[in-house]
Structure formats: structure tokens, C-alpha cells
> 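Got a structure here, written out as C-alpha cells. Questions coming.
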There are 2 protein chains.
Amino acid sequence: MTEKPQKPNRTRRKDEIIASAAQCFMEQGYHATTIDDVARRLGSTKGRVYHYYASKTDLFFDVHRVGMGFLFDALDEVVVGSGDGATVLRRMLMAHANAMLEHHTFENVVAQGVQVHRFGTLNGDQRATLQNLIASRDRFEAAFKRQIQTGIDDGSLRAVDVSVTAKVLLGGLQWSIFWYRPQPNDSVATRDVLARKMVDPLMQGLLPVA
Amino acid sequence: MTEKPQKPNRTRRKDEIIASAAQCFMEQGYHATTIDDVARRLGSTKGRVYHYYASKTDLFFDVHRVGMGFLFDALDEVVVGSGDGATVLRRMLMAHANAMLEHHTFENVVAQGVQVHRFGTLNGDQRATLQNLIASRDRFEAAFKRQIQTGIDDGSLRAVDVSVTAKVLLGGLQWSIFWYRPQPNDSVATRDVLARKMVDPLMQGLLPVA
DNA sequence: GTCTATATGGTGATAGAC
DNA sequence: GTCTATCACCATATAGAC
């Protein structure tokens with residue numbers, strides 16, 4: 001009764017395809033990417049891709065799902081126990097900034113999911129999957145809105161507009177998909193330095209202490 | 001020797017096409033938009049579009065050019081004479097936020113220009129045009145970097161990382177292309193209220209005055 | 001100047017050999 | 001499970017009628 005090795009192998013193959021697709025989608029955009037591009041990067045042909053994915057749309061959805069998973073994982077590791085609302089919010093923003101940099105490729109594709117409305121005709125499962133992806137993006141933003149409200153309530157944050165502020169803060173970090181280019185020699189530490197430079201003006205503001 | 005009306009008419013026709021294309025590109029993305037889509041929105045056929053534009057790429061470049069023009073126009077109207085570095089920066093951010101909201105459609109397309117690298121094969125003129133568009137985006141960001149540096153130098157801003165901060169600030173405002181949806185009844189005043197909610201946390205930061 | 005009709009090339013997806 | 005070959009469709013772009 002040993003575990004069948006089929007499932008893990010299949011999963012590993014799918015992960016390879018997802019990684020290749022993420023890279024292609026980031027570089028060229030979803031619509032400009034062909035299945036041949038994804039296969040060529042794997043050193044194979046599209047026969048393999050279509051063996052694991054029924055359609056280009058399903059492949060995109062899986063890349064998006066993995067990308068959102070990275071963001072939620074980063075949030076889950078934030079210690080919420082100690083500190084006031086502002087302190088926890090800073091930890092969340094730092095975790096998010098680092099995740100955006102580390103998973104630059106996937107998060108670029110996640111952003112495309114917000115814009116790309118044309119996936120061709122979707123079947124029932126695909127429509128449900130799309131709804132799930134949209135819902136997950138909303139849940140992610142909601143976590144930050146709740147935390148901002150918590151900080152306002154406990155007096156550790158100014159009384160800003162919670163919804164707009166959440167969008168502006170996240171947008172400031174997420175815009176890195178447009179300008180950040182991962183370097184071969186950058187480490188967790190170098191990314192963290194950059195993340196701090198990104199989060200600092202958002203938390204502290206630009207004005208000096210009077 | 002009256003002015004020939006040909007030129008203005010041609011310009012007006014092109015403006016119609018640009019506006020239609022901008023709307024289509026925003027809703028569906030550049031690659032997913034067909035010339036038929038652009039023509040259908042005009043109540044015509046693609047024969048008209050191709051009479052004014054030699055290719056879809058040229059049409060995209062024109063939409064992008066107009067979109068960047070809106071952003072520069074907004075900056076040019078900012079009064080730089082009075083106030084310290086921080087005050088002028090706030091005016092610039094407010095002008096930019098308002099422009100992003102007012103010209104939401106075009107600015108969405110401008111952002112696509114950052115991502116879309118695949119335009120098919122470009123001829124010499126098109127390559128030059130693309131370089132111009134990229135250069136204009138760089139000049140725009142540079143204006144904000146200079147102003148942040150000015151503020152740091154005169155002591156009206158904290159000593160943040162100029163380059164990263166400029167990207168984060170602009171990103172926070174520009175991310176509105178993903179969440180802002182123009183309403184039929186929103187006016188200059190309502191947009192300005194929203195713009196203030198966007199700019200305020202960026203300038204003041206989130207922490208309360210100690 | 002705008003239309004219809006069409007040439008041309010490419011892309012998602014499938015069938016079937018191995 | 002992966003490949004080659006191919007289909008069917010769609011989009012860019014052009015030609016030519018009106």
C-alpha cells in the first residue's frame with residue numbers, strides 16, 4: 001500500500017508548466033503568449049502542455065491561483081500577537097512588499113487577472129474558478145482594510161479613509177511589478193532593504209516630525 | 001487663402017478613433033481588442049480605421065501619446081512659484097491623482113504600454129516612436145524625483161530614498177486604473193475629494209502626530 | 001472617404017502515431 | 001506521456017467597388 005508516485009509526478013510536471021507560463025505571461029502578457037511559447041521554454045512542444053491543461057485559460061487561472069497563494073502565505077506568517085494596530089500593519093506591509101518582490105513573476109500575472117476580462121467563452125467550472133480568484137483578491141484587500149480600521153480604533157493610526165488608503169498603500173507596493181527587475185544575485189536581505197524603502201514613506205509619510 | 005478644412009476634419013476623425021480605441025484597449029486589453037471592435041464602437045467598419053491608421057500598433061502609440069499628454073498638461077498647470085518643496089510636491093501629486101481619475105481610460109492604456117512588449121515587428125518610425133514614449137514616461141517620473149529631492153534639500157521632506165519613494169507614490173496613485181470606475185455623475189469636485197483621500201496618506205503618512 | 005470582400009498568416013485546440 | 005500533423009477559426013491588413 002505505498003503511495004502511488006503518479007500524483008506527485010503529475011504535480012511536479014504541472015508546476016514546471018505553471019512556472020514557464022508565469023514567465024511568458026509576465027514578459028509578453030497573457031494574450032500575446034502562445035502555448036508554443038510556454039512549451040518552447042520547457043524544451044518541449046504544446047502536446048505536453050495540453051496533456052496537463054485543457055486550455056490556455058485554465059493554465060492562466062492556475063498561475064493566478066499560485067500567485068495569490070504566495071501573497072496569503074506571506075500574510076499568514078505575520079505575527080499579529082504583539083504590538084498595536086500600526087505595528088501590525090507595518091509588518092503586513094513589509095511582508096507584502098517582500099512577497100511582491102520575491103514572487104515578482106507570478107504577481108505580475110495576478111495583476112493581469114484584474115485587467116483581462118476576455119478569456120473567450122468560459123464553461124461552468126471556469127466561471128466558478130474566475131469568481132474564486134476575484135473573491136480571493138477581495139479578501140486580501142479586506143485584511144488590510146480591517147487592520148487599518150483596527151489601528152484607527154486604538155489610536156495608533158490617523159483617521160484616514162480606510163478603503164481608499166488600503167488601495168493606495170497596496171497599489172504603491174504592487175506597482176513594483178512595473179519597475180522592479182529581479183537580479184540574479186539579490187537575496188532575501190537585499191529584497192528586505194528595498195521593501196523597507198518602499199514601506200517607510202507609506203507608514204511615516206513624507207513630512208518631517210514638526 | 002482660407003485655411004483648408006481638410007486637416008481639422010482629419011484630426012477630428014482621428015480623435016474619434018483614438019477615443020474608441022482607448023475605450024476598447026482599457027476594457028479588453030491591447031491584444032484582445034480587434035480593429036473590428038474599435039470600428040464597431042464607432043458605428044463603422046475597419047475600412048475607416050485603416051484609412052487613418054496604417055496599423056493597430058500605430059493606433060496604440062497614438063492613444064499612449066495622448067494619455068501621456070494629459071499627465072504632462074496636469075503637471076504643467078501646477079504653480080511652482082510659491083511654497084516649499086513639500087507644498088509643491090503635494091500640488092503635483094494632487095494634479096496627478098486628478099488627472100489619473102479624469103483620464104482613467106487613457107491612463108489605463110498608458111500602463112499597458114509599460115507591460116506590452118510584443119507589438120509584432122516594428123519598422124523604423126515605430127521603433128523611434130516607442131523610444132519616445134518610454135522616454136516620456138521616464139521624464140515624468142524624473143520630475144517627481146527632482147521635486148522630492150528639492151523638498152529634502154530645503155528640509156520640508158524627510159530624507160527618504162528619492163527613487164524608490166517616487167515610484168511608490170506614483171504607483172499608489174496610478175494603481176487607481178485597477179479599481180477606479182468613473183461614474184456618470186461624478187464631477188471635477190467629486191474627483192478632487194477622492195484625489196485628496198488618495199494623496200493625504202501619502203504625504204502625511206499613517207502615523208498620528210506624536 | 002467608407003464600405004465589402006478577401007488574402008494571408010498565425011493560434012488554440014485536437015487526432016493519432018510512437 | 002510526448003510528439004507531429006493538422007484542423008478550424010480568427011485577426012491583421014489589403015484591394016477594389018462605390
Side-chain angles (χ1 to χ4, degrees), chain A residues 4-21 24-25 27-63 112 116-123 125-126 129-130, chain B residues 4-21 24-25 27-63 112 116-123 125-126 129-130:
Chain A
K4 295 194 201 110
Q6 264 182 323
K7 201 62 169 294
N9 283 342
R10 181 174 172 83
T11 301
R12 211 172 308 130
R13 272 299 199 220
K14 289 186 81 163
D15 284 349
E16 290 173 8
I17 295 170
I18 290 172
S20 173
C24 291
F25 291 159
E27 291 176 1
Q28 314 176 10
Y30 171 75
H31 280 104
T33 297
T34 71
I35 303 293
D36 282 318
D37 291 333
V38 176
R40 195 176 313 123
R41 190 180 286 271
L42 291 168
S44 76
T45 66
K46 59 183 164 190
R48 187 192 292 176
V49 176
Y50 275 108
H51 179 70
Y52 292 94
Y53 283 97
S55 74
K56 184 181 174 184
T57 302
D58 288 304
L59 180 50
F60 179 87
F61 285 167
D62 236 17
V63 174
Q112 291 183 45
V116 177
H117 298 302
R118 273 285 171 86
F119 290 107
T121 47
L122 300 180
N123 62 35
D125 282 351
Q126 290 174 328
T129 302
L130 180 57
Chain B
K4 295 196 200 105
Q6 261 182 324
K7 201 64 169 295
N9 282 343
R10 181 174 172 82
T11 301
R12 211 172 307 129
R13 273 296 201 221
K14 289 186 82 163
D15 284 349
E16 290 172 9
I17 294 170
I18 290 172
S20 173
C24 291
F25 291 159
E27 291 176 1
Q28 311 176 10
Y30 171 74
H31 280 104
T33 296
T34 70
I35 304 293
D36 282 317
D37 291 333
V38 177
R40 195 176 313 123
R41 189 180 287 270
L42 291 169
S44 78
T45 66
K46 58 184 160 191
R48 188 191 293 177
V49 176
Y50 276 107
H51 179 70
Y52 292 95
Y53 283 97
S55 74
K56 185 181 173 185
T57 301
D58 288 305
L59 180 51
F60 179 86
F61 285 166
D62 237 16
V63 174
Q112 291 183 44
V116 178
H117 300 301
R118 274 285 171 87
F119 289 107
T121 47
L122 301 180
N123 62 34
D125 282 351
Q126 289 173 328
T129 302
L130 179 56

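These numbers come from a predicted model, not from an experiment. Residue numbers begin at 1 in each chain, while the letters A, B, ... track the order of the sequences.
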> Let me spell it out: for each of A/Ala32 and A/Ala54, pick the nucleotide of DNA chain C with the closest heavy atom. Which residue's pick is nearer the 5' end?
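It is A/Ala32 whose nearest nucleotide is closer to the 5' end.
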> Between D/dA13, C/dT2, C/dT14, spot the one nearest the side chain of A/Tyr50, thanks.
C/dT14
> Would you please confirm or rule out a distance under 4.0 Å between OP1 or OP2 of C/dT2 and any side-chain N or O of B/Arg13?
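For C/dT2, OP1/OP2 do have a side-chain N/O of B/Arg13 under 4.0 Å.
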> Give one of base, sugar-phosphate or nothing for B/Tyr53, where a contact means two heavy atoms less than 4.0 Å apart.
nothing
> Calculate the interatomic distance between B/Asp58 atom CG and D/dA13 atom P; express it in whole Å.
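It is 9 Å, rounded to the nearest whole Å.
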> Round to a whole Å and report the spacing from CG of B/Leu59 to C1' of D/dT12.
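Taking atom C1' of D/dT12 as the reference, CG of B/Leu59 is at 13 Å.
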> Choosing from C/dA13, C/dT2, D/dT12, which nucleotide comes nearest the side chain of B/Thr34?
D/dT12
> Would you check if the side chain of A/Lys56 reaches a backbone N or O of A/Thr33 as a donor-acceptor pair within less than 3.5 Å?
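Indeed, once roles are kept as given, a pair shorter than 3.5 Å links the two residues.
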> Check side-chain hydrogen bond (donor to acceptor under 3.5 Å, both in side chains) between B/Ser20 and all other residues, then give those that pass, not counting sequence neighbours.
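B/Ser20 satisfies side-chain hydrogen bond (donor to acceptor under 3.5 Å, both in side chains) with no residue once adjacent residues are dropped.
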> Would you call the rings of A/Phe119 and A/Phe61 parallel, tilted or perpendicular if under 30° counts as parallel and over 60° as perpendicular?
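Taking A/Phe61 first and then A/Phe119, their aromatic rings stand perpendicular (interplane angle over 60°).
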> Please check this pair: side chain of A/Asp37 against backbone of A/Thr34, looking for a donor-acceptor N/O pair closer than 3.5 Å.
yes
> Output the rounded distance in Å from CZ (B/Arg12) to C1' (C/dG1).
15 Å
> For B/Tyr30 and B/Phe60, take the angle between the two ring planes, folded into 0 to 90°, and tell me which bin it lands in: parallel under 30, tilted 30 to 60, perpendicular over 60.
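Geometry flag for B/Phe60 against B/Tyr30: perpendicular rings.
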> Is a salt bridge present between A/Arg12 and A/Asp15, judged by a nitrogen-to-oxygen distance below 4.0 Å?
no
> Round to the nearest Å and state the distance from B/Glu16 atom CD to C/dG1 atom P.
13 Å
> What nucleic acid atoms does A/Thr33 come within less than 4.0 Å of, heavy atoms only: base, sugar-phosphate, or nothing?
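Result for A/Thr33 = sugar-phosphate.
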> Looking at D/dA13, C/dT2, D/dT2, which one has an atom nearest to any side-chain atom of A/Tyr52?
D/dT2
> What is the distance, rounded to the nearest whole Å, between atom CZ of B/Phe119 and atom C1' of C/dG10?
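Rounding to the nearest Å, CZ of B/Phe119 and C1' of C/dG10 are 19 Å apart.
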> Using heavy atoms and a sub-4.0 Å distance, could you list which residues of residues 36-47 of chain A are near DNA chain D? By number, please.
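Per residue number, the list reads A/Ser44, A/Thr45, A/Gly47.
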> Answer yes or no: does a side-chain N or O of B/His51 lie under 4.0 Å from OP1 or OP2 of C/dT2?
no
> In this structure, how many angstroms lie between the P atom of C/dT2 and the CZ atom of B/Arg48, rounded?
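For the pair B/Arg48 CZ and C/dT2 P, the rounded distance is 5 Å.
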> Checking B/Arg48 against B/Arg13 for the side chain to side chain contact (heavy atoms under 4.5 Å, CB included) test, could you report, in this order, the C-alpha distance in whole Å, the side-chain angles of both residues, the deciding distance, and whether it holds?
CA-CA 9 Å; B/Arg48 188 191 293 177; B/Arg13 273 296 201 221; 3.9 Å; yes
